[in-house]
Amino acid sequence: QVQLVESGGGLVQAGGSLRLSCAASGTISSITVMGWYRQAPGKQRELVGTIPSGGSTNYADSVKGRFTISRDYRKNTVYLQMNNLKPEDTAVYYCHAQGVRFNGWSRNDYDSWGQGTQVTVSS
C-alpha cells in the first residue's frame with residue numbers, strides 16, 4: 001500500500017549531525033503513524049521515534065534531546081534530524097509506516113518498511 005525509501009545516511013564523526021529522509025509513495029492518506037527504527041550490529045531492532053498523523057512525536061530515551069522527527073506533508077517525506085551523534089548511534093536506520101484502509105465494511109491494517117540507510121559514527 002505504501003512504499004518507503006530512506007536516504008541521507010553516511011559516515012560522520014562523533015558530535016556531528018545527519019538528516020535522514022524517508023520518501024513515501026502510494027496510498028499516503030491511509031498512514032496513521034510513521035516512525036524510525038534502527039538496528040546495530042549484533043543487536044535487535046529498536047524504536048527511535050514515531051510521529052503519528054495529527055499527533056505529537058515520541059522518542060526513545062537514548063535519543064531524546066538529540067534527535068528530531070518531522071514530516072513534510074506536501075513532499076510526503078518524513079525526516080530524522082540527528083544531532084550530537086555518538087558512536088553508539090551507529091546502525092542501519094529504517095523508516096516505517098503503519099496505516100489502515102477501508103473498502104466498504106472491510107478494514108485492512110498494514111505496515112511498510114524501507115530498505116534502510118547506514119549511519120556510522122566514528123569516535
Side-chain angles (χ1 to χ4, degrees):
Q1 302 296 322
V2 174
Q3 295 77 46
L4 306 173
V5 179
E6 304 99 334
S7 62
L11 174 64
V12 298
Q13 294 185 350
S17 299
L18 280 176
R19 188 179 73 166
L20 306 183
S21 299
C22 173
S25 61
T27 315
I28 299 170
S29 60
S30 67
I31 297 174
T32 56
V33 182
M34 296 197 70
W36 287 93
Y37 293 76
R38 66 185 182 184
Q39 186 168 17
K43 300 180 66 176
Q44 294 187 350
R45 182 188 63 186
E46 65 174 348
L47 175 67
V48 175
T50 60
I51 181 168
S53 297
S56 59
T57 54
N58 300 279
Y59 302 96
D61 290 339
S62 59
V63 306
K64 196 172 300 181
R66 299 188 298 120
F67 291 10
T68 302
I69 298 175
S70 61
R71 183 171 179 176
D72 188 333
Y73 289 91
R74 292 184 178 181
K75 296 182 178 180
N76 299 322
T77 301
V78 172
Y79 302 95
L80 178 64
Q81 179 67 47
M82 304 183 293
N83 298 325
N84 300 317
L85 283 162
K86 304 175 181 180
E88 50 263 43
D89 294 320
T90 296
V92 177
Y93 284 72
Y94 297 92
C95 184
H96 174 258
Q98 177 182 318
V100 58
R101 296 187 66 187
F102 297 91
N103 185 10
W105 296 106
S106 179
R107 168 174 172 158
N108 297 299
D109 300 316
Y110 70 90
D111 63 340
S112 182
W113 294 91
Q115 295 299 309
T117 184
Q118 176 70 48
V119 173
T120 303
V121 184
S122 62
S123 60

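Quick caveat: nothing in here was measured; it's all calculated off a predicted structure. Side chains included, hydrogens not; waters and symmetry mates left out as well; all remaining heavy atoms used.
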Exercise. Are there more than 12 heavy atoms of other residues, nucleotides or ligands under 6.0 Å from atom NZ of Lys64?
Worked result: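 Count over threshold, so yes.
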For this session: Applying side-chain contact (heavy atoms from CB on, under 4.5 Å), run through Asp111 and Trp113 and close with a yes or a no.
Result: CA-CA 7 Å; Asp111 63 340; Trp113 294 91; 3.7 Å; yes
For this session: Supply the atom-to-atom distance Ser17 OG to Asn84 CG, rounded to the nearest 0.5 angstrom.
Result: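 Rounded to the nearest 0.5 Å, the OG-CG separation comes to 6.5 Å.
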Counting C-beta onward and ignoring hydrogens, is there a side-chain heavy-atom pair between [X] and [Y] closer than 4.5 Å?
X: Val92; Y: Tyr37; value: no
X: Ile31; Y: Arg71; value: yes
X: Arg38; Y: Val63; value: yes
X: Gln118; Y: Thr90; value: yes
X: Arg66; Y: Tyr59; value: no
X: Met82; Y: Leu20; value: yes
X: Thr50; Y: Ile69; value: no

Exercise. Charged N to carboxylate O below 4.0 Å: is that the case for Lys86 and Asp89?
Worked result: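 Salt bridge flag = no for Asp89 with Lys86.
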Cluster overlap [X] with [Y], hydrophobic side-chain contacts below 4.5 Å:
X: Tyr94; Y: Met34; answer: no
X: Val2; Y: Val33; answer: no
X: Tyr79; Y: Leu18; answer: no

Problem set entry | side-chain contact (heavy atoms from CB on, under 4.5 Å) assessment of Arg101 paired with Tyr110 | CA-CA 8 Å; Arg101 296 187 66 187; Tyr110 70 90; 4.1 Å; yes
For this session: Step by step, work out the side-chain contact (heavy atoms from CB on, under 4.5 Å) result for Trp36 and Cys95.
Result: CA-CA 5 Å; Trp36 287 93; Cys95 184; 4.1 Å; yes
